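First up is the structure itself, then whatever we jot down about it.
Here, residue 1 is the first one in the sequence, and each next residue gets the next number. These numbers were taken from a predicted model, which means no experiment stands behind them.
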Amino acid sequence: MSKRYTAEFKRDAVALALASDRTITEVARDLGVSPEGLRGWVKQAKIDRGDGPAGALTTAATRCGSPPRPASTTR
């Protein structure tokens with residue numbers, strides 16, 4: 001069963017992982033989260049601040065989807 005973590009917890013975990021000289025696995029173990037989960041949070045945080053691969057979408061952009069189409073005025 002997967003756990004749900006608050007945005008604040010994820011943000012703090014990412015900050016700790018990036019600031020630490022320890023591996024992601026070590027930090028994850030100390031926090032009680034999976035290394036894969038923490039790696040994903042770190043990757044997404046880098047993308048969100050513009051450090052990700054070219055063309056990667058931010059979390060907000062993936063939630064928003066495409067803009068709505070304008071209503072047609074002719075029938």
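- Counting all heavy atoms, side chain and backbone alike, Leu38 lies closest to Ala17 at CD2-CB, 4.2 Å.
- Side-chain contact between Gln44 and Val14: absent, with no pair of heavy atoms (C-beta onward) separated by less than 4.5 Å.
- Between atom CG of residue Asp12 and atom CH2 of residue Trp41 there is a gap of 10.5 Å, rounded to the nearest 0.5 Å.
- Of the inter-residue distances, the one linking Arg29 atom CZ with Thr23 atom OG1 reads 7.0 Å to the nearest 0.5 angstrom.
- Two residues are said to be in side-chain contact when any heavy atoms from C-beta on lie closer than 4.5 Å; Leu16 and Leu31 meet this criterion.
- Residues Thr25 and Arg39 bring a donor and an acceptor atom of their side chains to less than 3.5 Å of each other.
- Placement of Ile47 and Ile24 in two distinct hydrophobic clusters is found when ILVMFWY residues are connected by side-chain heavy-atom separations under 4.5 Å, directly or transitively.
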